[in-house]
Amino acid sequence: MDILSGLNPEQTEAVTLPHRSALILAGAGSGKTRVLTSRIAYLIQKRGASPHEILAVTFTNKAAREMMARISAMLPISIRGMWIGTFHGLCNRMLRAHHKDAGLPEAFQILDSSDQLSMIKRVVKSLNIDDEKYPPKELQHFINGNKEEGLRPHDLTAYDTFSRTRQQIFEAYEAQCNREGAVDFAELLLRSYELLKRNELIREHYRTRFRHILIDEFQDTNRLQYQWIKLLAGKDTAVFAVGDDDQSIYAFRGANTGNMLEFERDFQIENVIKLEQNYRSHGNILDAANAVIRHNTARMGKNLWTSDAGGEKLRFYQAPTDMMEAEYIVEEIGSLGREGVALSDIALLYRSNAQSRVLEHALFNANLPYRVYGGLRFFERQEIKHALAYLRLVHSMDDDGAFLRIVNFPARGIGAKTIESLQADAGSASLWTKARGKNKKLDEFVNLVESMKREVSGASLPEAVETVIEMSGLKSHYLNDKDGEDRLENLDELVNAAAVFESEGDPLVEFLSHAALEAGERQSGEGEDAVQLMTVHSAKGLEFHSVFLSGLEEGLFPHSNSRNDAGGLEEERRLMYVAMTRARRRLYLSCAQSRMLHGQTNYNIPSRFLKEIPEQLVQPIGYVEERAPAFEKKSPYRIGANVFHPKFGEGVVLACEGMDQVQVNFRRAGVKWLALEYANLIAI
DNA sequence: TTTCGGCGACTTTTT
DNA sequence: GTCGCCGAAA
């Protein structure tokens, strides 16, 4: 099949661009992933590129897997030479290959966020610092924030005791990481960046190798990730960046849309290709979403359109209480089901996780199957972390994090007192080195770990996992625990995961990295036909026949915490935009006059975002007559109407704001906002 | 050492 | 309303 068949002109242009860097602004539902994968297939098939020359980077493992699957479906050849993965995955790969030059032990281990947090707690304690004054959570944010700016402790200037202390903690934390051979997520990136920066040989090697770098969800990159890309791109490298500034919803964790503008400058992008044709949603849904996002000022400018005009109006329901809102939603789901819509094609979206409970309650009462996304993931479960900690300790005795996690789990009578004295003995050495000969119980533990080590050496990975689960006593512990059933199942699942795990080097080291880098699917039950419940954030990238967007109230959505600064409000609006554009055919908007939150009743007014949706696109249901007007008053002009202005000439109405303002695209004078009171517009 | 009860927090989340 | 953490009692 031809790679280009079925692509629209803009998509084709993007896929077939000559060898130079490019920025693709890809709106929601505009075929972004398709363009990205087609580009790779095109480079290989039509431009004679070798898979070896291609590096493609994504944000999630899921996206990376999807990309690989799609490319291998398009190409008859093996894609093994390609580097496709997340930023962290690719940095890990690079650091494993050059661990010596990066100053890391061969089998360095990766700390996930919770490992990192406990490491910070340990460091704070060892420095005798008050964790009330310096909360570990904040320190974690501080450390990661600095690393993401490319800053090490010695790069910081401290003017007062507070910042000096934080700097000291940062320093001690790094020292402890180095002692244990541990690397946190931000460190993976920063190390890799510094490696490329300092080592010319390695840098030039990758620069000549990767002639094509492709980046997905470019709007979500942080500063360090962008700098990493910049370092990696040689003079003959073409960087193909795909993103949508309107869908940037992760600024709160460091994503920097400014990278898009910088990219245009740094890589001398001549023309930005915009993919504006939406293949997902009906016209009314798209018009409404466009009307909302237009209220943002910091935009690169893009207007989605569809040939699939019209469709059903959006439905709006204002309920007296959150319970009644949920009941309304459940009723509607029932009738959608009877119309033949699959339950799994229906999504209930909300701004914050706390809102799911009332919805779950209503769904449960109505006996409708549902699936909630979010929550604990496989490799984050305590029983899994415990088992992995045994593996870690067996593999590397200096791993204090692993030692502390399991020294008394299952309980073997080694308490805080013993540990404290052990830590005092150890100083800057690892706990393991001082554990023997301290007391009887610790000796037993040391012997246990050593006999595990003997058993495990030479065993296959799944055998090792199984041995550790048995010998540690985890298995019998959970057998005796009345709620241990699920945990035992998960431990079995861990053995399975180890059995199917493929590795190229040391299987244990790679398996442990895998566990840290890929927290695993959230839960099973993928295939069942169930209503999908999730936050708007986790819905990004997905689409559904029908979407219910609930809790559209001031203080909730937009969230009260983002009300203060303008940037926060614009991010909330982008979130609203993302939420609305998830719907293909039907979009329900709802809010409640009163809502139970944090154990007390709140009375909220409808979200300001509702007012930004043109009234004629919305079908109100039920109570709405009594409410204060939530929607924009009908403008005398319709979007798309032709108008004439005495000075600017002919134009087309792009948007209306209330009764008195319109945005017009004039054929000669360009796009302008006009006050109807003064403008003397004439409809033609 | 373990367990239980009280108190405070509480937006969004991937690696 | 619920979860997680911390301190006091068993």
Side-chain angles (χ1 to χ4, degrees), chain A residues 57-64 85-93 110-118 121 131-132 135-137 141 144 147-148 183-190 192 216-217 220-222 224-225 248-255 322 349-358 360-361 373-377 379-380 382 407-419 441 513-520 522 534-541 551 555-564 568-569 571-572 574-576 578-579 595-602:
Chain A
V57 57
T58 62
F59 273 83
T60 64
N61 291 298
K62 198 175 155 205
T86 61
F87 277 101
H88 296 85
L90 297 178
C91 288
N92 178 46
R93 189 167 175 177
I110 300 169
L111 301 179
D112 69 15
S113 323
S114 63
D115 297 334
Q116 182 188 33
L117 189 64
S118 46
K121 283 181 184 161
D131 61 0
E132 303 261 299
K137 274 250 171 61
H141 186 77
N144 291 337
K147 288 191 181 184
E148 275 160 22
V183 169
D184 62 45
F185 286 138
E187 185 73 24
L188 281 172
L189 280 155
L190 185 52
S192 173
D216 190 17
E217 306 277 14
D220 288 339
T221 47
N222 64 32
L224 183 55
Q225 286 160 342
S248 158
I249 55 175
Y250 287 112
F252 73 90
R253 68 171 197 220
D322 53 346
L349 306 184
Y350 34 81
R351 174 65 238 268
S352 62
N353 284 307
Q355 287 166 253
S356 77
R357 200 159 33 79
V358 61
E360 288 183 61
H361 184 77
Y373 286 76
L376 262 198
R377 307 211 296 187
F379 287 110
E380 287 164 355
Q382 65 145 347
V407 67
N408 197 34
F409 194 97
R412 17 179 108 80
I414 302 171
K417 272 265 145 54
T418 314
I419 299 299
K441 294 197 165 135
S513 309
H514 169 82
L517 286 173
E518 180 155 11
R522 283 172 196 275
M534 65 188 87
T535 62
V536 178
H537 282 92
S538 19
K540 188 175 166 196
L556 249 184
F557 198 176
H559 198 274
S560 49
N561 288 16
S562 28
R563 199 165 24 194
N564 311 323
L569 190 66
E571 178 142 322
E572 294 287 307
R574 291 193 293 271
L575 207 45
M576 179 75 181
V578 168
R595 177 177 300 275
M596 271 287 258
L597 203 63
H598 309 319
Q600 51 181 338
T601 310
N602 290 267

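Atoms considered below: every heavy atom in the structure, side chains included; atoms not considered: hydrogens, waters and symmetry mates. Each chain gets a letter, A, B and so on, in the order its sequence line appears, and its residues count up from 1.
Of the candidate nucleotides dT15(B), dG1(C), dT13(B), dG1(C) has the atom nearest to the side chain of Met596(A). Taking only side-chain atoms of His598(A), from C-beta outward, the nucleotide of dT13(B), dT15(B), dC10(B) with the closest atom is dC10(B). Considering only the side chain of Leu517(A), dT15(B) comes nearest among dT15(B), dT11(B), dT13(B).
Shown here are the side-chain hydrogen bond (donor to acceptor under 3.5 Å, both in side chains) partners of Asp112(A), two or more places apart in sequence or in another chain: Ser114(A), Lys385(A).
Here the P atom of nucleotide dG1(C) and the CZ atom of Arg357(A) are 7 Å apart, to the nearest Å. Between Phe379(A) atom CZ and dT14(B) atom P the separation is 16 Å, expressed in whole Å. Note: OH (Tyr373(A)) to P (dT14(B)) measures 13 Å, nearest angstrom. As a whole-Å value, the separation of Glu518(A) CD from dT13(B) C1' is 16 Å. Here the C1' atom of nucleotide dT13(B) and the OH atom of Tyr350(A) are 14 Å apart, to the nearest Å. Atom pair Gln355(A):CD and dT11(B):C1' shows a separation of 10 Å (rounding to whole Å applied). One can place CD of Glu380(A) at 16 Å from C1' of dG4(C), the figure rounded to the nearest angstrom. Taking atom CG of Asp322(A) as the reference point, atom P of dG1(C) lies 12 Å away to the nearest angstrom.
Ring stacking holds between His559(A) and dT11(B), with the centres under 5.5 Å apart and the planes within 30 degrees of each other.
For the OP1/OP2 pair of dT2(B) and a distance below 4.0 Å, the side-chain nitrogens and oxygens of Asn408(A) include at least one atom meeting the criterion. Distances shown here put every side-chain N or O of Asn353(A) at or beyond 4.0 Å from the OP1 or OP2 atom of dT11(B). Between dT13(B) and Ser538(A), a contact under 4.0 Å exists linking OP1 or OP2 to a side-chain N or O. Contact annotation: Arg377(A) side-chain N/O to dT13(B) OP1/OP2 distance is not under 4.0 Å. Applying the 4.0 Å criterion to OP1 and OP2 of dT13(B), one finds that Ser113(A) has every side-chain N and O outside that range. The shortest distance between the side-chain N/O atoms of Asn561(A) and the OP1/OP2 oxygens of dC10(B) is not below 4.0 Å.
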Applying salt bridge (Lys or Arg N to Asp or Glu O under 4.0 Å) to Arg357(A) and Glu360(A), what does each step give before you reach the verdict? CA-CA 5 Å; Arg357(A) 200 159 33 79; Glu360(A) 288 183 61; over 6 Å; no
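Closest of all the heavy-atom pairs between Asp220(A) and Gln225(A) is O-OE1, 4.0 Å. In terms of heavy-atom proximity, Phe59(A) sits nearest to Glu217(A) at CE1-O, 3.3 Å. The heavy-atom pair separating Lys147(A) from Glu187(A) by the smallest distance is NZ-OE1, 2.6 Å.
Note: His537(A) and Tyr250(A) have tilted aromatic rings, judged against thresholds of 30 and 60 degrees for the angle between ring planes.
Across all strands, Ala411(A) comes closer than 4.0 Å only to sugar-phosphate atoms, never to a base (heavy-atom distances). As judged by a 4.0 angstrom heavy-atom cut-off over every strand, Ala416(A) is placed among residues touching the sugar-phosphate backbone only. Residue contacts for Ile414(A): at a heavy-atom cut-off of 4.0 Å it reaches the sugar-phosphate backbone alone, with no base atom in range. The residue Asn61(A) sits close only to the backbone: its heavy atoms come under 4.0 Å of sugar-phosphate atoms, none of a base. Among the protein residues, Phe87(A) comes within range of no part of the nucleic acid, since none of its heavy atoms lies under 4.0 Å from any strand. Residue-level contact check: Phe252(A) touches the bases, meaning some heavy atom is under 4.0 Å from a base atom. Residue Gly599(A) is classed as a base contact, given a heavy-atom separation below 4.0 Å to a base.
Where Arg412(A) and Glu572(A) meet DNA chain B, the nucleotide closest to each residue was compared, and Arg412(A) sits on the side nearer the 5' end. Both Lys417(A) and His88(A) lie close to DNA chain B; mapped to their nearest nucleotides by heavy-atom distance, the more 5′-ward contact belongs to Lys417(A).
Between dT14(B) and dC3(C), the distance separating the two C1' atoms is 22 Å to the nearest Å. For the C1' atoms, the distance linking dC5(C) with dT12(B) amounts to 23 Å, nearest Å. Atom name C1', nucleotides dC6(C) and dT11(B): the rounded distance is 25 Å, in whole Å.
A donor-acceptor contact closer than 3.5 angstrom links the side chains of Gln355(A) and Ser352(A).
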